[in-house]
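Data block below; observations after.
From a predicted model like this one, the values you see are computed outputs, not experimental measurements.
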Amino acid sequence: MRFEVCVDDVEGVLAAQAAGADRVELCAALSEGGLTPSAGAIAEALDSTTIAVNVLIRPRGGDFIYDRHEIRAMRRDIEAVAAAGAHGVVIGALTADGDVDTAVCRQLIADAGGLSVTFHRAFDMARLPREALAAIADLGIDRLLTSGQEATALDGAPLIADLVAAAGDRLAVMPGGGVTASNVRRLRDLTGAGEVHFTARTTVDSPARHRNPRASMGAATATAEYTRRRTSQAAIEELIAAAGAR
(Lines give C-alpha, C1' and ligand atoms only; values in the text may rest on other atoms or scores of the structure.)
Protein backbone atom coordinates (compact mmCIF):
# COMPACT_ATOMS: atom_id res chain seq x y z
CA MET A 1 0.00 0.00 0.00
CA ARG A 2 1.11 3.53 -0.78
CA PHE A 3 0.39 6.49 1.49
CA GLU A 4 -0.31 10.08 0.43
CA VAL A 5 -0.58 12.77 3.10
CA CYS A 6 -2.41 16.03 2.49
CA VAL A 7 -0.35 18.88 3.97
CA ASP A 8 -0.44 22.65 3.90
CA ASP A 9 3.09 23.65 4.89
CA VAL A 10 6.72 22.57 4.71
CA GLU A 11 6.62 21.26 8.26
CA GLY A 12 3.89 18.87 7.15
CA VAL A 13 5.97 17.75 4.17
CA LEU A 14 8.89 16.97 6.47
CA ALA A 15 6.63 15.13 8.93
CA ALA A 16 5.27 12.98 6.10
CA GLN A 17 8.75 12.19 4.87
CA ALA A 18 10.04 11.31 8.33
CA ALA A 19 7.03 9.06 8.96
CA GLY A 20 7.60 7.05 5.80
CA ALA A 21 4.82 8.38 3.54
CA ASP A 22 5.29 7.93 -0.19
CA ARG A 23 3.93 11.26 -1.36
CA VAL A 24 2.29 14.49 -0.25
CA GLU A 25 -0.44 16.58 -1.74
CA LEU A 26 0.59 20.17 -1.03
CA CYS A 27 -2.33 22.58 -0.57
CA ALA A 28 -3.26 25.81 1.11
CA ALA A 29 -6.49 26.64 2.98
CA LEU A 30 -7.50 23.15 4.03
CA SER A 31 -10.51 24.70 5.76
CA GLU A 32 -11.76 25.43 2.21
CA GLY A 33 -11.11 21.88 1.12
CA GLY A 34 -7.72 22.92 -0.22
CA LEU A 35 -6.55 25.61 -2.63
CA THR A 36 -3.40 26.13 -4.69
CA PRO A 37 -0.46 26.96 -2.42
CA SER A 38 1.83 29.93 -3.00
CA ALA A 39 4.84 29.78 -5.28
CA GLY A 40 7.06 30.27 -2.26
CA ALA A 41 5.50 27.37 -0.36
CA ILE A 42 5.90 25.10 -3.37
CA ALA A 43 9.54 26.02 -3.90
CA GLU A 44 10.41 25.62 -0.22
CA ALA A 45 8.67 22.24 -0.04
CA LEU A 46 10.55 20.95 -3.09
CA ASP A 47 13.85 22.23 -1.71
CA SER A 48 13.24 20.56 1.64
CA THR A 49 12.17 17.01 0.79
CA THR A 50 13.04 13.96 -1.26
CA ILE A 51 9.54 12.44 -1.44
CA ALA A 52 7.11 13.16 -4.26
CA VAL A 53 5.20 16.45 -4.02
CA ASN A 54 1.94 16.76 -5.93
CA VAL A 55 0.43 20.25 -5.93
CA LEU A 56 -3.27 21.01 -5.79
CA ILE A 57 -4.53 23.24 -8.61
CA ARG A 58 -7.75 24.86 -7.37
CA PRO A 59 -8.25 28.63 -7.58
CA ARG A 60 -11.10 28.97 -5.07
CA GLY A 61 -13.46 27.13 -2.80
CA GLY A 62 -16.99 26.16 -3.74
CA ASP A 63 -18.03 24.29 -6.87
CA PHE A 64 -15.82 22.95 -9.64
CA ILE A 65 -17.36 24.84 -12.56
CA TYR A 66 -14.77 27.33 -13.77
CA ASP A 67 -14.97 30.42 -15.96
CA ARG A 68 -12.34 31.39 -18.53
CA HIS A 69 -10.37 33.53 -16.09
CA GLU A 70 -10.17 30.73 -13.53
CA ILE A 71 -9.13 28.28 -16.24
CA ARG A 72 -6.36 30.62 -17.35
CA ALA A 73 -5.25 31.01 -13.75
CA MET A 74 -5.10 27.22 -13.29
CA ARG A 75 -3.11 26.82 -16.50
CA ARG A 76 -0.62 29.44 -15.35
CA ASP A 77 -0.36 27.78 -11.95
CA ILE A 78 0.39 24.43 -13.59
CA GLU A 79 3.11 26.02 -15.72
CA ALA A 80 4.65 27.50 -12.57
CA VAL A 81 4.37 24.22 -10.66
CA ALA A 82 6.02 22.32 -13.51
CA ALA A 83 8.81 24.88 -13.75
CA ALA A 84 9.40 24.59 -10.00
CA GLY A 85 10.03 20.86 -10.36
CA ALA A 86 6.95 19.37 -8.70
CA HIS A 87 6.25 15.71 -9.33
CA GLY A 88 2.56 16.03 -10.11
CA VAL A 89 -0.58 18.14 -10.12
CA VAL A 90 -4.02 17.50 -8.67
CA ILE A 91 -6.86 18.81 -10.83
CA GLY A 92 -10.59 18.52 -11.39
CA ALA A 93 -13.40 20.30 -13.23
CA LEU A 94 -17.09 19.59 -13.77
CA THR A 95 -19.81 20.87 -16.04
CA ALA A 96 -22.98 22.43 -14.66
CA ASP A 97 -24.71 19.09 -15.33
CA GLY A 98 -22.30 17.26 -13.04
CA ASP A 99 -20.16 15.57 -15.68
CA VAL A 100 -16.38 15.67 -15.94
CA ASP A 101 -15.43 18.76 -17.94
CA THR A 102 -13.15 16.90 -20.31
CA ALA A 103 -12.36 19.98 -22.39
CA VAL A 104 -10.99 21.89 -19.41
CA CYS A 105 -9.19 18.84 -18.01
CA ARG A 106 -7.56 18.17 -21.37
CA GLN A 107 -6.08 21.67 -21.38
CA LEU A 108 -4.76 21.28 -17.84
CA ILE A 109 -3.26 17.87 -18.59
CA ALA A 110 -1.52 19.25 -21.66
CA ASP A 111 -0.01 22.04 -19.57
CA ALA A 112 1.20 19.46 -17.03
CA GLY A 113 3.37 17.82 -19.68
CA GLY A 114 4.82 14.63 -18.26
CA LEU A 115 3.84 15.31 -14.64
CA SER A 116 1.70 12.81 -12.78
CA VAL A 117 -1.96 13.89 -12.74
CA THR A 118 -4.53 13.13 -10.04
CA PHE A 119 -8.23 13.94 -10.39
CA HIS A 120 -9.38 15.27 -7.01
CA ARG A 121 -12.63 14.97 -5.11
CA ALA A 122 -14.58 17.04 -7.60
CA PHE A 123 -15.40 13.46 -8.64
CA ASP A 124 -17.50 13.11 -5.50
CA MET A 125 -19.87 15.76 -6.87
CA ALA A 126 -20.22 14.05 -10.26
CA ARG A 127 -23.70 13.01 -11.37
CA LEU A 128 -22.84 9.54 -12.69
CA PRO A 129 -19.76 8.14 -10.94
CA ARG A 130 -19.08 5.21 -13.24
CA GLU A 131 -19.34 7.37 -16.34
CA ALA A 132 -17.14 9.96 -14.65
CA LEU A 133 -14.52 7.28 -13.93
CA ALA A 134 -14.55 6.25 -17.59
CA ALA A 135 -14.07 9.86 -18.70
CA ILE A 136 -11.17 10.33 -16.29
CA ALA A 137 -9.52 7.11 -17.46
CA ASP A 138 -9.95 8.13 -21.09
CA LEU A 139 -8.13 11.39 -20.35
CA GLY A 140 -5.08 9.36 -19.31
CA ILE A 141 -5.16 10.57 -15.71
CA ASP A 142 -3.01 8.51 -13.35
CA ARG A 143 -5.07 8.59 -10.17
CA LEU A 144 -8.53 9.33 -8.81
CA LEU A 145 -9.05 10.61 -5.25
CA THR A 146 -12.52 9.85 -3.92
CA SER A 147 -14.59 9.27 -0.81
CA GLY A 148 -17.00 7.20 -2.86
CA GLN A 149 -19.36 10.18 -3.03
CA GLU A 150 -20.08 9.89 0.70
CA ALA A 151 -19.03 11.91 3.73
CA THR A 152 -16.16 9.49 4.42
CA ALA A 153 -14.32 6.91 2.39
CA LEU A 154 -15.50 4.19 4.75
CA ASP A 155 -19.12 5.16 4.09
CA GLY A 156 -18.34 5.17 0.37
CA ALA A 157 -16.42 1.88 0.41
CA PRO A 158 -18.97 -0.06 -1.72
CA LEU A 159 -18.70 2.45 -4.58
CA ILE A 160 -14.93 2.69 -4.18
CA ALA A 161 -14.66 -1.08 -4.48
CA ASP A 162 -16.69 -0.94 -7.71
CA LEU A 163 -14.45 1.84 -9.03
CA VAL A 164 -11.27 -0.06 -8.18
CA ALA A 165 -12.58 -3.09 -10.08
CA ALA A 166 -13.76 -1.01 -13.04
CA ALA A 167 -10.50 0.96 -13.26
CA GLY A 168 -8.34 -2.14 -13.42
CA ASP A 169 -4.83 -1.10 -14.37
CA ARG A 170 -5.92 2.05 -16.23
CA LEU A 171 -5.57 4.27 -13.17
CA ALA A 172 -5.28 4.04 -9.40
CA VAL A 173 -8.39 4.70 -7.31
CA MET A 174 -7.27 6.24 -4.02
CA PRO A 175 -9.72 6.47 -1.11
CA GLY A 176 -9.62 9.70 0.88
CA GLY A 177 -11.87 11.38 3.43
CA GLY A 178 -11.94 10.42 7.08
CA VAL A 179 -9.15 7.83 6.73
CA THR A 180 -7.64 7.09 10.14
CA ALA A 181 -5.49 4.50 11.86
CA SER A 182 -8.64 2.90 13.24
CA ASN A 183 -10.26 2.28 9.85
CA VAL A 184 -7.49 2.11 7.23
CA ARG A 185 -7.11 -1.67 7.28
CA ARG A 186 -10.85 -2.21 7.02
CA LEU A 187 -11.01 0.31 4.19
CA ARG A 188 -8.22 -1.49 2.36
CA ASP A 189 -9.96 -4.84 2.77
CA LEU A 190 -13.36 -3.52 1.68
CA THR A 191 -12.13 -1.68 -1.40
CA GLY A 192 -8.99 -3.43 -2.59
CA ALA A 193 -7.36 -0.04 -3.04
CA GLY A 194 -3.58 0.06 -3.18
CA GLU A 195 -3.24 3.71 -2.10
CA VAL A 196 -4.84 5.91 0.55
CA HIS A 197 -4.96 9.67 1.07
CA PHE A 198 -5.33 11.24 4.48
CA THR A 199 -4.55 14.17 6.72
CA ALA A 200 -2.97 13.64 10.11
CA ARG A 201 -3.79 16.90 11.79
CA THR A 202 -3.32 18.04 15.34
CA THR A 203 -3.81 21.41 17.05
CA VAL A 204 -0.96 23.18 18.82
CA ASP A 205 -0.89 26.40 20.77
CA SER A 206 0.64 29.52 19.23
CA PRO A 207 4.02 30.64 20.60
CA ALA A 208 2.60 34.19 20.92
CA ARG A 209 3.06 35.59 24.42
CA HIS A 210 1.16 38.80 23.66
CA ARG A 211 -2.46 38.10 22.74
CA ASN A 212 -5.35 40.40 21.89
CA PRO A 213 -8.63 38.63 22.72
CA ARG A 214 -10.80 41.39 21.19
CA ALA A 215 -9.81 41.12 17.51
CA SER A 216 -10.30 38.26 15.08
CA MET A 217 -8.82 37.75 11.62
CA GLY A 218 -12.05 36.38 10.19
CA ALA A 219 -12.23 33.26 12.34
CA ALA A 220 -15.26 32.35 14.37
CA THR A 221 -13.50 33.21 17.62
CA ALA A 222 -10.47 35.29 18.44
CA THR A 223 -8.78 32.24 19.99
CA ALA A 224 -8.30 30.83 16.45
CA GLU A 225 -5.45 33.31 15.94
CA TYR A 226 -3.59 31.62 18.77
CA THR A 227 -3.85 28.01 17.64
CA ARG A 228 -2.15 26.28 14.75
CA ARG A 229 -3.12 23.18 12.82
CA ARG A 230 -0.15 20.94 12.17
CA THR A 231 0.55 17.60 10.51
CA SER A 232 1.45 14.97 13.09
CA GLN A 233 4.34 12.67 12.26
CA ALA A 234 3.22 10.29 15.00
CA ALA A 235 -0.29 10.07 13.54
CA ILE A 236 1.11 9.25 10.08
CA GLU A 237 3.33 6.55 11.54
CA GLU A 238 0.38 5.11 13.43
CA LEU A 239 -1.77 4.92 10.31
CA ILE A 240 0.94 3.31 8.21
CA ALA A 241 1.54 0.71 10.93
CA ALA A 242 -2.19 0.08 11.30
CA ALA A 243 -2.57 -0.56 7.55
CA GLY A 244 -0.32 -3.60 7.98
CA ALA A 245 0.80 -3.26 4.40
CA ARG A 246 4.57 -3.02 4.84
Side-chain angles (χ1 to χ4, degrees), residues 4-10 12-13 16 21-49 51-96 98-126 132-133 135-147 171-174 176-177 195 197-199 231:
E4 177 179 283
V5 186
C6 184
V7 302
D8 64 354
D9 58 19
V10 176
V13 175
D22 298 285
R23 182 176 60 243
V24 297
E25 180 190 330
L26 182 63
C27 311
L30 287 177
S31 61
E32 286 275 357
L35 301 177
T36 303
S38 72
I42 295 166
E44 188 64 20
L46 291 168
D47 285 347
S48 302
T49 188
I51 64 172
V53 177
N54 289 353
V55 179
L56 178 63
I57 305 298
R58 188 182 179 211
R60 56 162 172 77
D63 63 47
F64 302 99
I65 305 160
Y66 298 112
D67 65 28
R68 61 191 179 92
H69 301 292
E70 292 167 332
I71 294 165
R72 288 174 183 170
M74 289 191 289
R75 296 187 68 182
R76 289 180 173 185
D77 281 338
I78 289 173
E79 291 172 1
V81 166
H87 303 84
V89 292
V90 183
I91 67 168
L94 300 178
T95 69
D99 300 316
V100 174
D101 193 330
T102 54
V104 170
C105 290
R106 198 171 286 115
Q107 292 180 71
L108 301 181
I109 293 165
D111 292 326
L115 297 184
S116 175
V117 178
T118 299
F119 195 97
H120 58 52
R121 288 188 58 201
F123 174 88
D124 291 323
M125 303 304 175
L133 174 69
I136 291 165
D138 287 345
L139 285 165
I141 288 173
D142 301 299
R143 184 176 299 103
L144 168 64
L145 171 61
T146 178
S147 65
L171 78 164
V173 176
M174 180 172 62
E195 303 187 11
H197 169 101
F198 61 99
T199 60
T231 300

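Around CZ of R60, the count of heavy atoms belonging to other residues, nucleotides or ligands within 6.0 Å exceeds 12.
Closest approach of S147 and R121 over heavy atoms only: OG-NH2, 2.8 Å. The heavy-atom pair separating A21 from V5 by the smallest distance is CB-CG2, 3.7 Å. Taking every heavy atom of both residues into account, A16 and V24 meet most closely at CB-CG1, 3.5 Å. When all heavy atoms of V55 and A86 are compared, the pair lying nearest together is CG2-CB, 4.0 Å. Closest heavy-atom contact between V13 and A45: CG2-CB, 4.1 Å. Summarising the geometry of A112 relative to V89, their closest heavy-atom pair is CB-CG2, 3.9 Å, with the distance given to 0.1 Å.
With a 4.5 Å cut-off on side-chain heavy atoms, T118 and H197 do not count as touching. Side-chain contact between R58 and Y66 is present, with at least one heavy-atom pair separated by less than 4.5 Å. By the 4.5 Å heavy-atom criterion applied to side chains, N54 and H87 are counted as neighbours. When side chains are defined from C-beta on, L30 counts as touching C6, because their heavy atoms get closer than 4.5 Å. Looking at heavy atoms from C-beta onward, I109 lies in side-chain contact with I91 at the 4.5 angstrom threshold. Side-chain contact check for D8 versus P37: every heavy-atom pair is 4.5 Å or farther apart. Counting heavy atoms from C-beta outward, L133 and L171 have side chains that approach closer than 4.5 Å. Within the 4.5 Å cutoff, the side chain of L94 has no heavy atoms near those of the D63 side chain.
Here R72 contributes atom CZ and Q107 contributes atom CD; the two are 10.0 Å apart, rounded to the nearest 0.5 Å. Note: R106 CZ to I141 CD1 = 10.0 Å, rounded to the nearest 0.5 Å. We find the CD-CD1 distance between E4 and I51 to be 9.5 Å, quoted to the nearest 0.5 Å. In this structure, D9 CG and C27 SG are separated by 11.0 Å, a value rounded to the nearest 0.5 Å. Annotation: the span from E25 atom CD to T199 atom OG1 amounts to 10.5 Å, rounded to 0.5 Å. To the nearest 0.5 Å, the span separating CD1 on I136 from CZ on R143 amounts to 13.0 Å.
H120 places a side-chain N or O within 3.5 Å of a backbone atom of G92 that can act as its donor or acceptor partner. Between the side chain of S48 and the main chain of E44, a donor-acceptor pair closer than 3.5 Å is present.
A salt bridge is defined here as a Lys NZ or Arg NE, NH1 or NH2 lying under 4.0 Å from an Asp or Glu carboxylate O, and R23 with E195 meets this definition.
Partner of F123 under the side chain to side chain contact (heavy atoms under 4.5 Å, CB included) criterion, chosen from V100, L145, T146: T146. Across I78, L35, L108, a single residue satisfies side chain to side chain contact (heavy atoms under 4.5 Å, CB included) together with I57, and that is I78.
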Practice task
List the steps, then state whether side chain to side chain donor-acceptor pair (under 3.5 Å) holds for D101 with T95.
Solution key: CA-CA 5 Å; D101 193 330; T95 69; over 6 Å; no
